[in-house]
Enquirer: 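This is the structure I want to talk about, given as structure tokens.
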Amino acid sequence: MLSVKNLKVRGLAPISFDLHKGDLLVVRGPSGSGKSLLLRAIADLDEASGEITLDKGSGARMAPHNWRRKVRFLSAESGWWGEQVGAHFTELARAKKSANELGLAAKLFASPVAHLSSGERQRLSFVRALEGSPKVLLLDEPTSALDEVAAELMEKKILALQKDGVILVVVTHSTAQAERLATHTLTIEDGKTRFEAR
Amino acid sequence: MNYISLSYWDLALASVLILANGMISIWFRLGLEKTLLINTTRMLVQLSLIGFVLKFIFVQTSPWWTIGLALIMVAVAGREVAARLTTRLKGWWSYGIGTTTMFFISISTTLLAVAFVISPDPWFAPRYVLPLLGMVLGNTLSGISLGLETLITTLKRERVSIEARIALGHKRFEAIEQPVRQALKTGMMPIINAMAASGVVSLPGMMTGQIMAGADPVEATKYQILIMFLIGGATASGTLLAVLGSAWRLSDERGRLRLDRLE
């Protein structure tokens with residue numbers, strides 16, 4: 001279980017919620033309302049007061065890199081540090097299989113990162129975020145750079161992960177997508193938050 | 001020593017050359033005229049003053065005069081490190097890291113040369129200690145400034161990829177290893193390149209000065225080689241300390257990137 005208690009994110013009222021295995025929380029709100037900051041705070045990428053636990057293990061007491069291996073944040077803007085795509089993966093065979101499920105050819109792993117389209121980057125960084133099988137996935141607009149077909153494949157993959165017991169927190173601007181995916185919603189409006197089960 | 005003494009008129013004549021810098025700046029609208037004027041004036045005042053100060057200190061018998069001037073030189077060098085950065089760490093950190101690094105590296109390097117290599121009598125002989133310290137400081141200052149500037153600009157430019165690594169569970173220094181390596185390389189390259197060029201492309205300042213003052217060229221060369229080794233070692237270790245100190249400050253114990261600690 002992912003438990004968030006009195007999490008204070010800049011500009012937002014304290015946030016509390018509990019999510020269990022297989023729950024998918026969709027976070028909604030206007031641009032600049034603090035959705036990404038909330039995800040970053042849960043991943044311990046920004047300083048924030050409050051308590052976050054995963055299966056009763058406190059995030060603050062866990063080594064930060066171990067916490068982030070379990071609670072994985074995927075930014076809307078994908079980051080790459082090597083020349084070749086393949087250099088960013090440690091579980092290459094598994095990554096190629098996941099990439100294939102998202103409509104990507106295995107040969108992309110041998111390409112230079114500079115040759116990738118924004119949609120390919122977004123899907124490959126999603127595949128990379130699955131390495132090490134995190135228990136919680138914090139996805140910031142995971143389909144923002146995708147066409148309809150690719151977005152559909154991505155949603156399918158997200159639902160498969162949910163079925164496998166992964167806890168997901170997804171930021172999206174699409175009402176239709178929120179309807180299709182959410183088991184819970186967190187709506188942010190004027191600094192106030194509303195958590196609801198669906 | 002047998003050398004040709006320069007008159008102030010000789011210097012005034014040579015100063016005409018600096019006008020070329022001003023003309024280039026005006027012609028290409030570089031906006032460097034004001035900086036050029038201020039820095040030329042600073043150079044004139046500082047060098048004129050240090051000439052009189054050194055003349056005074058050379059005849060003193062107490063080591064405290066040498067130590068005092070050495071500390072002032074280190075403090076000014078530390079301030080200069082911070083001043084050269086386009087983006088500084090908030091508060092006293094840039095000045096603190098610059099000065100602390102300068103202090104330990106330049107003093108230990110100079111002492112090493114004085115105690116084990118040159119062994120002047122007395123040990124604090126300002127004629128040896130202060131020029132050596134000045135040369136070590138000047139070059140270490142350049143290395144540290146270049147290293148820190150590269151570190152900060154690279155961390156800012158590569159923020160997305162660094163945070164992607166942090167989010168994937170990479171440890172603190174693992175996530176910022178590329179900017180740190182780049183910064184160290186940039187800080188150390190000028191002195192490495194200078195070593196390759198010296199004696200063929202360039203005759204370094206100290207050696208030239210000694211030769212013009214009438215010293216034996218072979219003896220002057222030996223001093224220059226010593227200086228190159230001192231500068232090389234001091235620049236490498238100074239850049240390493242300053243870059244690692246700043247990298248430590250720009251990340252935290254939870255492995256986060258802390259660009260909010262920049263001005």
Side-chain angles (χ1 to χ4, degrees), chain A residues 10 36-37 39-49 52 58-83 85 87-91 95 113-114 118 121-122 124-140, chain B residues 87-93 147-187 189 243-263:
Chain A
R10 186 162 28 105
S36 302
L37 288 178
L39 264 55
R40 288 175 61 89
I42 297 172
D44 197 12
L45 287 169
D46 292 330
E47 274 185 315
S49 63
I52 307 169
S58 165
R61 286 194 204 102
M62 208 179 284
H65 58 277
N66 284 336
W67 174 257
R68 294 184 194 114
R69 281 173 193 164
K70 290 178 181 172
V71 180
R72 179 74 47 83
F73 169 70
L74 178 64
S75 169
E77 211 179 340
S78 71
W80 305 86
W81 54 91
E83 294 273 318
V85 173
H88 297 82
F89 294 83
T90 51
E91 303 163 1
V113 174
S118 53
R121 282 175 194 231
Q122 188 163 40
L124 283 166
S125 63
F126 175 79
V127 170
R128 192 178 59 190
L130 303 180
E131 289 203 326
S133 306
K135 293 185 171 180
V136 178
L137 270 174
L138 311 164
L139 308 176
D140 194 358
Chain B
T87 311
R88 283 181 277 276
L89 288 160
K90 277 182 186 165
W92 282 75
W93 280 95
L148 291 184
E149 183 70 19
T150 306
L151 177 76
I152 292 169
T153 45
T154 315
L155 285 177
K156 282 166 76 177
R157 195 184 58 227
E158 301 297 328
R159 183 188 60 79
V160 174
S161 68
I162 294 166
E163 290 210 317
R165 297 185 77 166
I166 296 170
L168 286 165
H170 291 201
K171 290 181 184 172
R172 185 177 185 176
F173 282 99
E174 201 181 345
I176 56 172
E177 59 159 337
Q178 282 181 348
V180 167
R181 271 212 307 260
Q182 187 60 46
L184 292 176
K185 212 170 156 184
T186 309
M189 272 325 280
V243 166
L244 288 185
S246 301
W248 173 81
R249 179 64 189 158
L250 289 171
S251 55
D252 67 17
E253 68 288 350
R254 297 296 298 169
R256 307 176 191 114
L257 184 63
R258 297 299 303 267
L259 295 182
D260 58 309
R261 289 176 175 170
L262 289 170
E263 278 178 354

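We name chains A, B, ... by the order of the sequence lines, and we start the count at 1 in each one.
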Enquirer: Flag the pair A:R40 / B:E163 as yes when at least one side-chain heavy-atom distance between them is below 4.5 Å, and no otherwise.
Expert: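 SC-SC contact between A:R40 and B:E163 confirmed.
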Enquirer: Is it true that, when you exclude B:E263 itself, more than 12 heavy atoms of the residues, nucleotides or ligands shown sit nearer than 6.0 Å to its CD?
Expert: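 Above 12, so yes.
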Enquirer: Under a 4.5 Å heavy-atom cut-off, does chain B meet the side chain of A:S125, its backbone, both or neither?
Expert: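 Contact with chain B is absent: no heavy atom of A:S125 under 4.5 Å.
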Enquirer: Would you confirm whether A:R69, through its side chain, and B:G169, through its main-chain N or O, come within 3.5 Å as a donor-acceptor pair?
Expert: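 Side chain of A:R69 to backbone of B:G169: a pair is present.
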Enquirer: Give me the atom names and distance for the closest heavy-atom approach of A:P64 to B:E253.
Expert: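 Between these two residues, the closest heavy atoms are CG-O, 3.9 Å.
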Enquirer: Would a distance-only check, ignoring hydrogens and angles, find a side-chain to backbone donor-acceptor pair under 3.5 Å from A:E77 to B:V160?
Expert: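 Not a single qualifying donor-acceptor pair exists.
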Enquirer: Roughly how far, to the nearest 0.5 Å, is the CH2 atom of A:W81 from the CZ atom of B:R165?
Expert: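 Nearest 0.5 Å value for the CZ-CH2 distance: 5.5 Å.
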Enquirer: For A:D46, is it the side chain, the backbone, both, or neither that has a heavy atom closer than 4.5 Å to a heavy atom of chain B?
Expert: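 Only the backbone of A:D46 comes within 4.5 Å of chain B.
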Enquirer: Please determine whether a side-chain nitrogen of the Lys or Arg among A:E47 and B:R254 lies less than 4.0 Å from a carboxylate oxygen of the Asp or Glu.
Expert: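 No, no charged N to carboxylate O under 4.0 Å.
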Enquirer: Is any side-chain heavy atom of A:R72 less than 4.5 Å from a side-chain heavy atom of B:L168?
Expert: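 Answer yes - side chains close enough.
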Enquirer: For B:K185, look at atom NZ and say whether over 12 heavy atoms of other residues, nucleotides or ligands are found less than 6.0 Å away.
Expert: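 At most 12 heavy atoms, drawn from other residues, nucleotides or ligands, come within 6.0 Å of this atom.
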Enquirer: State plainly whether the residues B:R256 and A:D44 are in salt-bridge range, i.e. N to O under 4.0 Å.
Expert: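 Salt bridge present between B:R256 and A:D44.
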